2 protein chains.
Amino acid sequence: MTSQTKIRTGKGEGEAVGIALLGFGTVGAEVFRLLGENADAFAHRIGGPAEIRGVAVQNKNKLRPGVPKDLLTDDAKALVMRDDIDLVVEVIGGIDYPRELLLAALNAGKSVVTANKALVAAHADELAEAADRAGVDLYFEAAVAAAIPVVGMLRRSLAGDQVQRISGIVNGTTNFILDAMETTGASYEDALAEATRLGYAEADPTADVEGHDAASKAAILASLGFYTRVTFDDVYCEGISSITADDIAAAKKAGYSIKLLAICERLRDEDGNESVNARVHPTLVPKDHPLASVNKSYNAIFVEAEAAGSLMFYGNGAGGNPTASAVLGDVVGAARNIVHGGRAPGENTYANLPIAPFGEVSTRYHIDMEVADRTGVLAAISALFAKHNVSLRTVRQEDGDDTARLIVVTHAATEAELEAIVSELSTLDEVKAVHSVIRLGGEAL
Amino acid sequence: MTSQTKIRTGKGEGEAVGIALLGFGTVGAEVFRLLGENADAFAHRIGGPAEIRGVAVQNKNKLRPGVPKDLLTDDAKALVMRDDIDLVVEVIGGIDYPRELLLAALNAGKSVVTANKALVAAHADELAEAADRAGVDLYFEAAVAAAIPVVGMLRRSLAGDQVQRISGIVNGTTNFILDAMETTGASYEDALAEATRLGYAEADPTADVEGHDAASKAAILASLGFYTRVTFDDVYCEGISSITADDIAAAKKAGYSIKLLAICERLRDEDGNESVNARVHPTLVPKDHPLASVNKSYNAIFVEAEAAGSLMFYGNGAGGNPTASAVLGDVVGAARNIVHGGRAPGENTYANLPIAPFGEVSTRYHIDMEVADRTGVLAAISALFAKHNVSLRTVRQEDGDDTARLIVVTHAATEAELEAIVSELSTLDEVKAVHSVIRLGGEAL
């Protein structure tokens with residue numbers, strides 16, 4: 001049935017669990033501190049003491065207040081392989097190096113907790129196979145939206161349901177920028193500068209603003225929600241760097257907020273064949289949708305499931321403390337199983353649905369263009385949409401001096417249809433420029 | 001360490017799990033239908049087929065379309081004890097009868113999934129002990145807020161964190177009524193009548209409107225969040241039946257919504273000694289707090305934890321389908337453990353904190369009174385608050401004909417202090433009537 005064939009028995013009540021902590025940045029330091037400060041609570045919740053027996057760092061001579069020097073090592077591989085290590089907690093980041101360490105750990109029969117979204121989005125298959133072979137656990141709640149327990153929710157709470165769609169604000173940096181643009185009218189550049197100044201954006205913000213970080217999370221959420229392996233490369237990805245103050249103002253006027261959404265969707269063709277799609281792009285969300293009011297750097301995940309209906313989870317999606325909370329929840333889960341036996345539900349890709357190409361995805365679109373201010377323009381443009389069998393839901397025209405601004409919202413159309421329309425629009429005499437094409441979301445929710 | 005001493009090994013991959021379904025009302029029928037329709041998905045997620053081998057009903061001769069007649073029995077006890085039953089799913093309701101059935105099931109080594117909040121809030125201890133003795137699982141996600149996975153979140157996701165406070169809108173009927181009063185200006189009686197007409201309120205709405213249903217949920221949430229046994233009888237409970245259209249209007253004017261909140265709180269005295277309190281009462285929630293925008297019959301749980309910060313979970317808190325989703329998520333979890341071995345984290349009350357009396361709980365209050373319209377009134381009233389060391393945060397006076405309306409909001413005071421003040425207020429010449437005293441919440445959030 002599944003690939004989980006090993007039955008695991010536990011060490012037994014009261015036995016200590018030996019932990020290797022890989023990485024001692026913001027999250028690692030919090031994990032270390034909280035495990036120590038709440039040692040008694042952890043022992044009770046696990047069924048035995050959780051002992052950090054080694055901390056792998058790049059420079060073991062750097063002073064780390066509160067950390068006994070003999071715990072530090074710069075040889076992570078050797079630490080992972082030690083006989084007294086039962087559980088490896090990885091908070092280093094990067095892909096290749098932690099991949100090698102965690103595969104070694106799993107192959108050696110140690111359970112793994114990681115906060116590494118890029119690694120999981122790229123190599124979950126390989127890691128899951130190793131965990132299954134060894135009959136140990138692979139946990140990664142912190143990889144998506146920190147302490148918002150969306151991984152556990154998809155894997156356990158909704159395990160008896162069929163997820164239809166997941167729409168998430170899963171990147172705090174871009175939400176901060178878009179919220180600031182909407183609230184203050186700032187340009188993208190100014191809002192980004194403010195986010196950088198306040199520490200919400202990194203010195204090189206590419207991974208956030210171009211949507212790569214959100215795309216990793218979309219891959220993880222789609223894999224869990226649809227029991228199908230979806231990797232980073234399967235996710236269509238469009239960032240927010242081309243969103244202008246003008247786009248935000250037009251959206252606001254029409255009753256929308258622009259949010260960078262990670263959307264994971266189950267599609268069904270006319271014959272009932274299912275496929276899945278995962279994508280990240282700026283999305284117009286109606287003001288009265290719960291996702292529209294998620295402001296600042298908060299994250300939120302909106303899940304639609306067959307029986308449960310709509311659910312939303314909201315909270316801090318990043319930061320040392322919230323991420324440490326998620327890591328430590330996983331530590332308790334993995335350590336409990338080491339003591340008591342049994343395994344958490346692992347990566348399960350039994351459904352193995354095909355990934356639908358982005359062109360087949362159906363959405364509604366908000367198209368903002370500059371058109372000639374003369375009779376017949378609307379007729380010509382309407383005819384073009386009609387030719388492609390895409391109907392218009394709303395049309396708004398604002399007159400300028402020589403030209404007019406025309407904003408149309410379409411009914412559902414596929415990305416392929418839209419692309420054809422937009423490229424033909426640009427060739428029409430009546431259309432001076434197509435300023436922006438932004439997808440709509442959240443109305444069916 | 002914990003009371004979980006049995007190590008459980010599984011039946012093994014591919015083995016079927018025999019299920020007894022107790023009850024075939026709205027939820028039971030949905031559980032039956034969904035388990036059948038998605039049998040293949042369940043088998044993959046569990047690791048073996050999940051087979052309903054008996055359905056206990058009151059009248060086994062009543063026609064139940066889709067249910068083979070030989071599955072029906074009116075002898076629930078005999079069904080539960082059958083050798084081919086591994087897992088008992090209880091959706092009957094009530095307390096004494098299901099208690100007896102589930103204790104028998106657990107004692108016979110069968111895992112249990114129940115949606116029964118009243119039973120869990122009253123007898124979790126006894127059930128948990130039986131589960132621990134037998135080394136089996138006791139799941140009850142559906143007992144609180146249906147498919148909103150707050151039980152799993154407290155038990156697993158936040159297992160590495162310290163929960164400080166849980167504030168929940170956990171009763172859809174009362175939220176529907178309060179929301180209707182706020183939106184339409186309706187009286188309590190009219191809003192209740194509308195809720196009854198639309199099926200949101202039962203013929204006898206007492207358990208909902210007097211807060212008893214919410215109090216059961218508060219007991220369950222507090223027990224999980226604080227690793228301390230809190231039962232229904234420990235929960236202070238005040239319903240919404242005395243809330244007037246006037247209260248709602250005054251709250252709205254001051255920037256608040258009135259919500260019936262279940263509040264579970266960890267208290268710390270000056271010496272650092274901890275205790276817990278759980279209570280249910282109408283609460284003024286500031287308009288910009290996420291709980292204030294939870295409308296209609298939706299539920300939401302707001303959790304504050306040391307490391308995670310604030311988290312909110314939102315969705316349908318009742319209804320056949322959402323409840324079935326929660327029950328089936330538990331079925332997958334319990335059945336997985338039956339196949340693969342291991343146990344879910346059980347009821348763990350290691351912290352065993354004392355329950356603080358309601359009088360020790362500290363809150364802010366919104367007091368609406370009618371006072372004489374003459375000089376010196378404010379001075380007399382202020383002096384009374386000062387005498388009790390309670391300071392005022394805001395004071396608003398609206399002049400009437402002979403009398404004036406005075407609305408004060410206090411800084412934090414204990415329930416005991418408040419009670420003393422209110423009883424003295426009524427004796428003041430200057431005070432004609434104390435119309436309402438409503439607690440504030442959500443500002444520290």
Side-chain angles (χ1 to χ4, degrees), chain A residues 1-2 4-5 7-10 12-14 30 34 38 41-45 47-48 141 147-149 152-153 156-162 227 290 293 305 307-316 321-322 324-333 336-337 340-343 345 348 350-351, chain B residues 1-2 4-5 7-10 12-14 30 34 38 41-45 47-48 141 147-149 152-153 156-162 227 290 293 305 307-316 321-322 324-333 336-337 340-343 345 348 350-351:
Chain A
M1 308 295 299
T2 74
Q4 304 187 354
T5 45
I7 298 291
R8 182 158 68 148
T9 51
E13 193 88 13
E30 278 305 300
L34 290 165
N38 301 312
F42 280 101
H44 279 291
R45 298 176 190 182
E141 182 62 68
I148 307 175
M153 190 258 304
R156 298 179 185 275
S157 316
L158 287 172
D161 210 327
Q162 313 302 319
Y227 296 89
S293 53
S310 299
L311 298 167
M312 191 169 97
F313 306 83
Y314 167 94
N316 284 306
N321 271 320
S325 173
V327 167
L328 288 168
D330 281 355
V331 164
V332 171
R336 267 196 88 257
N337 292 341
H340 295 279
R343 287 180 70 199
N348 188 335
Y350 77 86
Chain B
M1 308 295 301
T2 74
Q4 303 186 354
T5 44
I7 298 291
R8 181 158 66 148
T9 51
E13 193 87 14
E30 278 306 300
L34 290 165
N38 301 312
F42 279 102
H44 279 292
R45 297 176 191 183
E141 181 62 69
I148 307 176
M153 191 257 305
R156 298 180 184 273
S157 316
L158 287 172
D161 210 326
Q162 313 302 318
Y227 296 89
S293 52
S310 299
L311 297 168
M312 192 169 97
F313 305 83
Y314 168 94
N316 284 306
N321 271 318
S325 172
V327 167
L328 288 169
D330 282 355
V331 165
V332 171
R336 266 196 89 255
N337 292 341
H340 295 280
R343 286 181 69 200
N348 188 334
Y350 77 87

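Small disclaimer: the values here were computed from a predicted structure and weren't measured. Within every chain, numbering begins at 1; the chains are lettered A, B, ... in the order of the sequence lines, protein sequences first and strands thereafter.
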*Interface moiety of Ala41(A) toward chain B, non-hydrogen atoms closer than 4.5 Å*: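 The answer is both parts of Ala41(A).
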*chain B heavy atoms under 4.5 Å from Phe42(A): which part of the residue, side chain, backbone, both or neither?*
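Contact with chain B involves the side chain of Phe42(A) alone.
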_Out of Val331(B), Asn38(B), Leu158(B), return the one with the most heavy atom pairs under 4.5 angstrom to chain A._
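Maximum pair count with chain A is reached by Asn38(B).
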*Give the member of Ala159(A), Ser157(A), Ala147(A) that has the highest number of heavy-atom pairs under 4.5 Å with chain B.*
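Most pairs with chain B among the choices: Ala159(A).
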*Among the options Ala326(A), Gly160(A), Gly342(A), pick out the one with the most heavy-atom pairs lying under 4.5 Å from chain B.*
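Looking at each of Ala326(A), Gly160(A), Gly342(A) in turn, Gly160(A) comes out on top.
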*For Ala307(B), what residues pass the side-chain contact (heavy atoms from CB on, under 4.5 Å) criterion, not counting sequence neighbours?*
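side-chain contact (heavy atoms from CB on, under 4.5 Å) check on Ala307(B) returns Leu34(A), Asn321(A), Ser325(A), Asp161(B).
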*On the 0 to 90° scale, with breaks at 30° and 60°, tag the His44(B)-Tyr350(A) ring pair as parallel, tilted or perpendicular.*
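Ring orientation of His44(B) relative to Tyr350(A): parallel.
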_With rounding to the nearest 0.5 angstrom, report the CG to CZ distance, Asn348(A) to Arg336(B)._
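The CZ atom of Arg336(B) is 8.5 Å from CG of Asn348(A), to the nearest 0.5 Å.
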